[in-house]
Every structure is written in structure tokens, then in C-alpha cells.
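Heads up: the structure comes next, in C-alpha cells.
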Amino acid sequence: MLFRVEVVEPAEFAKWVQKQKAEAAPVAAGSKAEKGKALFAAKSCVMCHNVGGHFGAGAFGPDLTHVASRKSLAGAWLDNRDPAQQLALERKTGNTEDSVPVDPVTLKANLIKWIGSSGVAHGADGKPTKDVKPGNRMHYYKMFNVAGLRETNQQFTAEELDHLAEYLLTLK
Ligand code: HEC
């Protein structure tokens, strides 16, 4: 397990705490993010994840209200920074602890990879793939199956994954 500790001045820390406590901003009407938000509610995500200001029921998985502000996902399995930029910075300063900010393109690809390879999504053979962080406890919530969800398989189209990721990208 990897934990990253960031050392900041008290005023900056207070600002960070305030931001993390804030609710998520509303999504723009007619956007891909709005479609993703609807999928988040319809595809069982909401059963396990809380998004402050949007959804409040899920407590089993991590709170996703500010997921797009994180430098890594799934306990640092997926790094949300641009690898080339990060390497250039480390070479320049000679310090691997120095960090570039989150890169939205890398983050989006990681979100799609994570959701697409979790137990929530199933492969063509109907079995969960779990390529990323095998054994993690994100799986399809069959228990709370609601009308419209298939009983055993929950596959996502590329478009649905794109919309879900676009929604999560707004959660800064
Ligand atoms: C059965 C409960 C459950 C369901 C349903 C579920 N998740 Fe998760 N989710 C988890 C758990 C547990 C983790 C933490 C996994 C780990 O890191 O080991 C997680 C992690 C995540 C993360 C990474 C968060 C981070 O900070 O690392 C994202 C993003 C995410 N889930 C999105 C989704 C989306 C989108 C859906 C719906 C398609 C969904 N989840 C459905 C339980 C669930």
C-alpha cells in the first residue's frame, strides 16, 4: 500500500480541508457529464459511493465527491499525473517526491480503465475481469438490482464508460 504525504503550510491545509468538505458542483445540462451522472445512479455506483450534493446513500466504497482532485486511484495502482511531465520534473529537481498536478487526460483514461476492469463491469464471457487491483471489493451490486438492470451481467459500452468518466472528471 502506498500513502502519499504532502507537507503544506497551515493556511494551505485549511484551504484544502474546506475544498474537500464542499459539495460537488452541479453538472451542466445536456452535457456528457449529465448523462454520466444518470448512469451513476442507474448502474449501481450510487449504492456504494457517496457524491456530496448529488448522491448520499453509498458508504461501502470511497467518497467520490472530489475524486478528480486525487493524484492516484485505487490505492495508487493508477497514477493520474502525466508520466512524461512527472519524469521531467523529477529529473530537473532530483526529487521523486516533487509532483506535477493531476492530468485530466490521464485521469480520464484511468477512470475508464478502473470502471471497465472492475467487478462492476463484466467481460464478454460474463465474468468480472479485475485487471486493476485484483481482489478489490468493487463489484456489481446485484442485491439492489432495480428495473432495467440485467440480473447477472453489467457490461458498459465505450460510450457509457466515456460518460461515466466525464461525470467523475467534474468532481474536483
Ligand atoms: C459493491 C460496491 C461498489 C459498487 C457497486 C461500485 N463501487 Fe466503485 N469502489 C468500491 C470500492 C470498495 C472501491 C475501493 C476499491 C479499492 O481501491 O480497493 C471503489 C473504488 C472506486 C473508484 C476509485 C476511487 C479512488 O479514490 O481510488 C472509482 C472512481 C469508482 N469506484 C467508481 C465507481 C463507479 C463509476 C461505479 C458504477 C459503475 C462503482 N464505482 C460501483 C465499491 C463499489
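As the structure lists them, so they are numbered: ligands from 1, and atoms in each ligand from 1. What you see is a predicted model, and the numbers here were worked out from it, not measured in a lab. The first residue of the sequence shown is numbered 1, and numbering continues consecutively from there.
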Original post:
Would you say the side-chain atoms of Glu34 pair up with the backbone N or O of Gly30, donor to acceptor, closer than 3.5 Å?
Top reply: yes
**OP:** Would you indicate which of Trp114, Tyr167, Phe40, Phe60 comes nearest to atom 28 (C) of ligand 1 when only heavy atoms are counted?
**Re:** Trp114
**OP:** Measure from the ring center of His54 to the ring center of Tyr167 and say whether it is less than 6.0 Å.
**Re:** yes
**OP:** Would you indicate which of Lys43, His49, Met47, Glu160 comes nearest to atom 30 (C) of ligand 1 when only heavy atoms are counted?
**Re:** His49
Original post:
Do side-chain atoms of His163 reach the backbone of Ala33 as a donor and acceptor pair under 3.5 angstrom?
Top reply: no
Subject >> N/O separation below 3.5 Å, Ala74 to ligand 1 >> reply: yes
Original post:
Which atoms from ligand 1 have a heavy atom of Leu111 less than 4.0 Å away?
Top reply: 29 (C)
**OP:** Between Pro62, Ala165, Ala42, Gly61, flag the one that comes closest to atom 14 (C) of ligand 1 by a heavy atom.
**Re:** Pro62
Subject >> ligand 1 contact on Leu39 by region, counting heavy-atom pairs under 4.0 Å >> reply: neither
**OP:** Could you walk me through whether Asp162 and Lys32 pass salt bridge (charged side-chain N to carboxylate O under 4.0 Å, His left out), step by step?
**Re:** CA-CA 8 Å; Asp162 184 66; Lys32 284 182 178 179; 3.3 Å; yes
**OP:** Give yes if a backbone or side-chain nitrogen or oxygen of Arg70 is under 3.5 Å from a nitrogen or oxygen of ligand 1, and no if not.
**Re:** yes
Original post:
Under 3.5 Å, is there a donor-acceptor pair linking the side chains of Ser72 and Asn80?
Top reply: no
**OP:** State whether Glu160 and Lys43 are salt-bridged, where the test is any N-O pair (Lys NZ or Arg NE/NH1/NH2 against Asp/Glu carboxylate O) under 4.0 Å.
**Re:** yes
Original post:
Just heavy atoms, cut-off under 4.0 Å: does Trp77 contact ligand 1 by side chain, backbone, both, or neither?
Top reply: neither
